[in-house]
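First the structure, in the form of structure tokens, and then the observations on it.
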Amino acid sequence: MDQPVLVIEAGKGERQYWRDILRYRELFYFLAWRDVLVRYKQTVIGIAWALVRPFLTMVVFTVVFGKLAKLPSEGVPYPLLTFAALLPWQFFSNALTESSGSLITNANMITKIYFPRLVIPTSAVVVSFIDFLISFVIFVGLMVWYRFIPPATVFFLPVFAFLSFGAAMGAGLWLAALTVKYRDFRYIVPFIVQFGLYVSPVGFSSSIVPGKYQLLYSLNPMVGIIDCFRWSMLGSIAFPLTSFSLAVVIVALMNVTGIIYFRKTERAFADII
Amino acid sequence: MAASAITVENLGKRYIIGHQSRTRGSYVALRDVISDAGRNFGRRLLHPLQHAESGGLERDEFWALREVGFEIGEGERLGIIGGNGAGKSTLLKLLSRIVEPSTGRITIKGRVASLLEVGTGFHPELTGRENVYLNGAILGMARAEIRRKFDEIVAFAEVERFLDTPVKRYSSGMYVRLAFAVAAHLEPEILIVDEVLAVGDAAFQKKCLGKMEQVGREGRTVLFVSHNMSAIEQLCDRCLFIRKGRLDLDSRDVRSVINCYLFGQAQEGLTSEWKNSGAEFENPWFKPLRVFLAGAGGEPRGNPFRNDDEMWLCVEGEVTELDDRLAVAYSIFNEDNLKLYETATHDVLPGSLSRLRPGRCIVRTRIPSRFLNEGDFRISVAVFRHFKGFVCDFQDPSVPSVSLVIRGGLSDSPNWVQKRTGVIAPEFPWVVEQQSVPAA
């Protein structure tokens, strides 16, 4: 019989890590499935929560920024402007919250069983991605309501969805690994999420940021991502080349360093968690 | 010997434990890291030539496991025993890749499944059916494999009726049964099992042991950690004894390893002497100073005793004022805190005992040999004046007590080598009488 030989040595990462990830894809699938199943169990309206939260946020933003502050709306109905941004933002913030705490929540598994730990934060991001897909229903509703037909650029949307997935993954990996080591991040993450809402153009158009600060502003990858969502879904702005390129570079950087840092600390997870 | 399934060389696992004064919780707080970094920076500014010792942190090393090496052949069933904190679980965690070794090397041939806990990853909100799939995936089974064995698993766990009930509504017995059932249907080449049989009722434990025996018979390698010595003896054909992170014994003579462990444990934990700290039980009639166990010569000795040893309980005390009603008594309790008997100096006929005189004296009594069972006992000493009240009483939590540990020497008969069921295990004479012979 062909038997795999495994060598565990002090101080050496395992060479077969990525092969293991492939082998544990079933587990990955099951974890995501579990979290989706559990998420809305024993809640009265169940999966509808995935719709209620973004919808109410949209209403509030429309009233506060659109009606009260009377901010410019890029020539589309204000709810559409807000919602096109809320889609990636809510996904990003949920994914960040879920994945940063995911290792701690699954501490009992980590200390009792081997599997590539990367599976856990990834599956947390995937679960948030499912919510993200569900909330598209609202967008469809809004388009019907406003009789708005999206431009052809909407077909580029998967590219940007993928980009926001990358942003969530990169940041999620960093925060998940850091939270294991420094529990301070349990308090930092909600703050990042809250803070991020105001420094990202979620409730308003990024055009209101003065030109000389635009480049600095675009260092926040969510700026590029949100603008791309608006470009492809609403066609309300020209393609934001600068912020898009910056977002791609930053997301790639976050993912590469995130994986490196995660892999480096992963070996000690069971010791310190 | 068959080809080796696992080879372990010079394996060690070191933990850094924070200094007492600074361990606030089990995890590092960012605050400490920042303040330490600041302190180091300051120190380096002040003493630029001095080496910062271990990063300036007050740290202690702890070797949970050190210089362990062994080889396990394919199809061997290896038992691992040792006291609490000896490093057994660390070894299993290293072998199952949960933690990384600090030194050394492990080579494993074959698929490993480790069962360090039953029901890892079980989610209380999910139904039994859902948890079977989830837990199977966590243990490394493919979906098709789980589906194929699903009915068998459910039958083993005896939870057919509750398959679609969330497991949070299960009784703990059902929960454990289902969890073990999933694990029992794994088909790895190497199975690593930590103390998981301690759960569940007797019937289920028996079933689990049977299942593990079957796994062993199928020629798979089994590593089994347990405190249940009879399970180890029944299941394993080789036994490792780990003490304080080191491999103490490794032998195919499972029983001798177990005995060695039990004797060692008896010496470490239980004290055979009690001493008055100075001011306890102050009274003029009999102030107990020391209680100890002694052997045949009256010399104090430590545990364990063999059951056929001469065992003496000695109570040393100080008398300043005579009282004829004074009595010294002891009670003996087993592990279940059941009092086996009580006896006192005034049990014997008045006058047959020499009278106490002022000064120091020792009251001795022989504990019957081959009367108690194998086990750990607590002997408490009471001193009282008959009908006048207690100097120290059995009910008193600080009553002078010593531990008596009895191991082995149970009988001269080869048919009686283990602890007997029953509270005591005395030897009785048996007689066989021939009444008649059949006619030739």
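Order of the sequence lines sets the chain letters (A, B, ...), proteins ahead of strands, with each chain counted from 1.
Counting heavy-atom neighbours within 6.0 Å of A:F55 CZ, excluding the residue itself, gives a total of 12 or less. Around CG of A:L215, the count of heavy atoms belonging to other residues, nucleotides or ligands within 6.0 Å does not exceed 12. Counting heavy-atom neighbours within 6.0 Å of A:Q194 CD, excluding the residue itself, gives a total of 12 or less. Few gaps surround NZ on B:K168; more than 12 heavy atoms of other groups in view lie less than 6.0 Å from it.
Separation of atoms CD1 (B:I98) and OH (A:Y114) is listed at 11.0 Å; rounding is to 0.5 Å. The line from CD1 of A:I113 to CG of B:L115 is 7.5 Å long, rounded to the nearest 0.5 Å. Expressed to the nearest 0.5 Å, how far CD of B:E100 lies from CD of A:E266 amounts to 10.0 Å.
By number of non-hydrogen pairs under 4.5 angstrom with chain A, the leading residue of B:L126, B:V8, B:L11, B:T103 is B:L126. Among the candidates A:L178, A:T111, A:L31, the residue making the largest number of heavy-atom pairs closer than 4.5 Å to chain B is A:T111. Between chain B and the residues A:F30, A:Y24, A:W33, the most heavy-atom pairs under 4.5 angstrom are made by A:F30.
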*Take A:L6 and B:K109 through the side-chain contact (heavy atoms from CB on, under 4.5 Å) test and state the conclusion after the steps.*
CA-CA 6 Å; A:L6 172 75; B:K109 220 164 85 189; over 6 Å; no
*Would you check, one step at a time, whether the test side-chain contact (heavy atoms from CB on, under 4.5 Å) holds for A:L27 with B:I138?*
CA-CA 6 Å; A:L27 176 61; B:I138 287 172; 3.4 Å; yes
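Contacts between B:I6 and chain A at a heavy-atom distance below 4.5 Å are absent for every atom of the residue. Only the backbone of B:L94 has a heavy atom closer than 4.5 Å to any heavy atom of chain A. Looking at B:T107, both its backbone and its side chain come within 4.5 Å of chain A, counting heavy atoms on both sides. Neither the backbone nor the side chain of A:F28 comes within contact range of chain B; no heavy atom of the residue lies under 4.5 Å from a heavy atom of that chain.
Under a 4.0 Å N-O distance rule, the pair B:R14/A:D271 does not qualify as a salt bridge. Taking a cutoff of 4.0 Å between a charged side-chain nitrogen and a carboxylate oxygen, B:D194 and A:K112 do not qualify as a salt bridge.
Applying the salt bridge (Lys or Arg N to Asp or Glu O under 4.0 Å) criterion to A:R117, with sequence neighbours excluded, gives no partner residue. When the side-chain contact (heavy atoms from CB on, under 4.5 Å) test is applied to B:F150, the partners found at least two apart in sequence or on another chain are B:R129, B:V132, B:Y133, B:V154, B:L163.
Contact check for A:I8 versus B:P101: side-chain heavy atoms found under the 4.5 Å cut-off.
Under the salt bridge (Lys or Arg N to Asp or Glu O under 4.0 Å) criterion, no residue pair touches residues 168-177 of chain A, with sequence neighbours excluded.
Proximity to chain A among residues 139-149 of chain B is limited to B:L139, B:M141, B:A142, B:R143, judged by heavy-atom separations below 4.5 angstrom.
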